[in-house]
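What you see is a predicted model; the values in this text were computed from it and never measured. Chain naming here is simple, since letters A, B, ... match the order of the sequence lines and numbering starts at 1 in each.
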Number of protein chains: 2
Amino acid sequence: MGSPMYRQIAEDLREQIESGAIRPGQQLRTELELRDHYGASRNTVRDAIKWLTTLGLVETKPGQGTFVVQKIDPFVTTLTADPKRPGGNKVVAPSADGYGEIDRSQLAGQRKLTVSDPQVEIQKAVDPIAAQLQVAAGSQVVSRHQKRYIDGTPWSLQTSFYPMGFVLKSADRLIEASDIAGGTVQYLADTLGLRQVGYRSRMLVRAPDATEAYFFNIPQDGRVQVCEILETGFDQTGTPMRLTVSIFPTDRNQFLVNVGDVPEDEPEESKT
Amino acid sequence: MGSPMYRQIAEDLREQIESGAIRPGQQLRTELELRDHYGASRNTVRDAIKWLTTLGLVETKPGQGTFVVQKIDPFVTTLTADPKRPGGNKVVAPSADGYGEIDRSQLAGQRKLTVSDPQVEIQKAVDPIAAQLQVAAGSQVVSRHQKRYIDGTPWSLQTSFYPMGFVLKSADRLIEASDIAGGTVQYLADTLGLRQVGYRSRMLVRAPDATEAYFFNIPQDGRVQVCEILETGFDQTGTPMRLTVSIFPTDRNQFLVNVGDVPEDEPEESKT
DNA sequence: GGGTATTTGTCCGTATGTATT
DNA sequence: AAATACATACGGACAAATACC
């Protein structure tokens with residue numbers, strides 16, 4: 001084998017994990033035991049474990065040991081909800097600021113979604129936000145930021161941006177740091193006559209920043225990335241009326257896109 | 001500071017990178033120079049670089065040095081194409097097996113998409129595939145596998161699965177290892193009267209396996225993950241007629257989802 | 001092509017710190 | 001308090017890849 005020793009050790013451990021010889025949640029032998037077992041140095045064993053860590057197969061806990069990762073039962077978000085967003089959505093986040101509908105069958109199980117009170121700020125629109133909202137760079141926008149949890153687990157960070165002009169008209173509840181019953185989209189329709197007739201989401205995957213890693217309790221070793229979704233809502237004139245930026249850690253989230261006529265969702269298990 | 005030294009070094013380098021003091025593509029000082037500069041050991045400097053590597057900020061090249069990563073101009077795929085998929089799609093992959101339409105404005109630039117001839121196999125449906133196609137586990141299915149490139153860069157791996165029964169009827173071109181003009185969806189409509197009236201995509205992000213890492217030329221350090229999309233197509237009776245599994249490396253791909261009425265796409269730059 | 005210098009990759013041994021039990 | 005296990009940091013040696021002459 002031309003491959004270095006730490007890779008061979010990692011490969012051996014990987015086969016044990018994927019064959020089920022070491023079960024999820026189970027502890028691996030300690031670094032010193034592995035060092036003796038493979039006849040390598042402790043540093044080399046650590047290189048092997050580090051390799052498996054980046055592959056997302058194991059995690060290390062100081063003072064405890066190295067464990068095979070437990071896959072989190074993924075939460076599934078449907079990105080193609082009704083754009084007109086009637087208040088009567090079957091099951092939806094209590095204050096989803098306009099973001100994708102929550103999958104029914106997940107909540108039919110006993111998962112409980114909680115949302116923090118929005119943190120409202122008035123900011124100057126920086127480049128990507130101004131471009132998406134089609135307002136002048138540097139002009140003022142309202143940002144409403146929320147933390148969302150499921151069963152107490154941090155699930156997503158969400159920030160919605162609205163042009164400050166909405167507030168100067170009659171939509172002054174946008175700058176209140178409290179939930180808007182029925183959702184802001186409905187509120188803007190009621191107060192300003194802005195109907196959201198559609199939206200476009202752009203998805204990308206990147207490494208989390210420090211804030212995100214802290215909130216989601218993501219191990220700082222970079223094996224878990226985040227999915228960033230920029231959702232721009234358009235009113236009946238085709239003008240952007242809303243930009244929602246959502247961050248989802250990829251270790252606990254999946255997404256659905258429905259196009260055309262599809263049968264009812266049934267996301268049993270498809271761990272791939 | 002309670003933070004370890006290698007993190008402090010990494011933080012110092014990170015600020016230099018994100019402030020633009022070290023430009024994308026530019027080479028960092030060598031490990032030995034950094035060791036002298038920070039008064040640390042070479043291994044500690046290497047830990048700092050390794051940390052930046054997992055953050056996706058730098059990449060190391062043996063024999064050459066450490067470089068600030070160049071972001072790849074992302075290719076944007078629209079996941080919500082017309083489900084009826086008429087042959088007259090404005091711009092579409094020459095043999096897109098039914099996968100999402102290709103964004104126009106990208107090809108309007110001079111990016112050129114090429115697709116390998118399909119690699120056709122007859123397999124027994126394993127669990128997740130059988131479940132999605134709603135066929136008995138262990139029954140035979142046709143798989144058509146393709147490699148897709150843009151401007152010569154590996155862009156996605158795509159495998160479509162069809163029930164073997166389609167071939168036993170008149171759709172025998174499914175098992176030919178050559179392109180089907182107009183796409184297989186259109187072909188199935190012509191031969192079997194199966195109209196695809198909709199599809200559902202499930203997206204998830206995971207670490208690449210060895211095959212994927214090799215094909216996409218992903219650095220083996222695990223900082224680049226892949227997006228896996230399972231797209232199930234349904235015919236006019238609501239029965240699954242197709243399962244397409246697509247793999248996209250996340251360092252060069254973004255995705256669009258359009259819902260309702262949205263204006264024309266204009267994915268200028270939004271590097272986030 | 002060959003040889004050499006440079007640079008990162010691998011591997012070792014050791015010591016000490018920190019978190020957990 | 002003590003033991004255990006992983007985290008950090010050092011220094012050294014050699015290998016492998018690349019660039020340059």
Side-chain angles (χ1 to χ4, degrees), chain A residues 1-14 17 22 25-69 213-214 217-223, chain B residues 1-14 17 22 25-69 213-214 217-223:
Chain A
M1 306 290 195
S3 66
M5 187 189 305
Y6 79 96
R7 294 287 295 276
Q8 295 182 29
I9 296 174
E11 185 62 18
D12 188 64
L13 290 171
R14 191 187 64 79
I17 291 170
I22 315 179
Q26 191 178 345
Q27 183 175 3
L28 268 63
R29 283 174 286 184
T30 69
E31 294 173 351
L32 295 182
E33 288 171 334
L34 292 173
R35 169 192 59 147
D36 296 337
H37 180 271
Y38 291 108
S41 77
R42 184 181 162 225
N43 280 329
T44 300
V45 169
R46 280 179 60 79
D47 283 342
I49 291 176
K50 182 135 197 164
W51 180 261
L52 294 176
T53 296
T54 66
L55 294 183
L57 290 176
V58 304
E59 59 186 340
T60 59
K61 300 179 183 177
Q64 301 182 51
T66 305
F67 302 84
V68 180
V69 292
Y214 174 74
N217 199 21
I218 291 176
Q220 284 273 62
D221 49 29
R223 74 166 192 275
Chain B
M1 311 276 204
S3 66
M5 186 188 304
Y6 79 97
R7 294 287 296 275
Q8 296 182 30
I9 296 174
E11 186 61 19
D12 188 64
L13 291 171
R14 191 186 65 78
I17 292 170
I22 315 179
Q26 191 178 344
Q27 183 175 2
L28 268 64
R29 283 173 288 184
T30 69
E31 293 173 352
L32 295 182
E33 288 171 334
L34 292 173
R35 169 191 57 143
D36 296 338
H37 181 273
Y38 290 108
S41 75
R42 184 184 161 220
N43 279 327
T44 300
V45 169
R46 281 178 61 78
D47 282 343
I49 291 175
K50 183 137 198 164
W51 180 262
L52 295 176
T53 296
T54 66
L55 294 184
L57 290 176
V58 304
E59 60 185 340
T60 57
K61 301 180 183 178
Q64 300 183 52
T66 305
F67 302 84
V68 180
V69 292
Y214 174 75
N217 199 21
I218 292 175
Q220 286 274 60
D221 48 31
R223 74 167 191 274

Can you say whether a donor on the side chain of B:R42 sits under 3.5 Å from an acceptor on the base of C:dG9, or the other way round? yes
Under a 4.5 Å cut-off applied to non-hydrogen side-chain atoms, are B:L13 and B:Y38 in contact? yes
So, is B:Q64 close to the C:dT8 phosphate, meaning a side-chain N or O under 4.0 Å from OP1 or OP2? no
From D:dA17, C:dG13, D:dC6, pick the nucleotide closest to the side chain of A:N43? C:dG13
Please give the nucleotide sitting opposite D:dA9 as a Watson-Crick or G-U wobble pair, both distances under 3.5 Å, or none. C:dT14
The single option from B:T44, B:V45, B:D12 that satisfies side-chain contact (heavy atoms from CB on, under 4.5 Å) with B:L34 is B:V45
Under 4.0 angstrom between A:T60 side-chain N/O and D:dA5 OP1 or OP2: no
Side chain of B:E31 only, please: which of D:dC6, C:dG9, C:dT10 is the nearest? C:dG9
Nearest-Å distance for atom pair CD/P, residues A:E33 and D:dA5: 7 Å
Does C:dC12 have OP1 or OP2 under 4.0 Å away from a side-chain N or O of A:S41? yes
Distance in angstrom units between B:Q27 CD and D:dA19 P, rounded: 11 Å
Is the distance from OP1 or OP2 of D:dT4 to the nearest side-chain N or O of A:T30 less than 4.0 Å? no
B:R35 has an atom CZ; how far is it from atom C1' of D:dG12, in whole Å? 11 Å
Any side-chain N or O of B:R46 under 4.0 Å from OP1/OP2 of C:dG9? yes
Is the shortest heavy-atom distance from the side chain of B:V68 to the side chain of B:L57 under 4.5 Å? no
Just the rounded figure in Å: distance from P of D:dA7 to CE of B:M5. 18 Å
Just one of A:T66, A:V69, A:V58 clears the side-chain contact (heavy atoms from CB on, under 4.5 Å) bar with A:T53, so which one? A:V58
Just to confirm, is there a sub-4.0 Å distance from OP1 or OP2 of C:dT10 to any side-chain nitrogen or oxygen of A:T44? no
Would you mind reading off the distance between B:Y6 atom OH and C:dG17 atom P, rounded to a whole angstrom? 17 Å
Rounded to the Å, how far apart are B:K50 NZ and C:dT8 P? 14 Å
Round to a whole Å and report the spacing from CZ of A:F67 to C1' of C:dT20. 10 Å
Any donor-acceptor pair under 3.5 Å from A:Q8 side chain to A:S3 backbone: yes
Expressed as a whole number of angstroms, how long is the span from A:R7:CZ to C:dT10:P? 8 Å
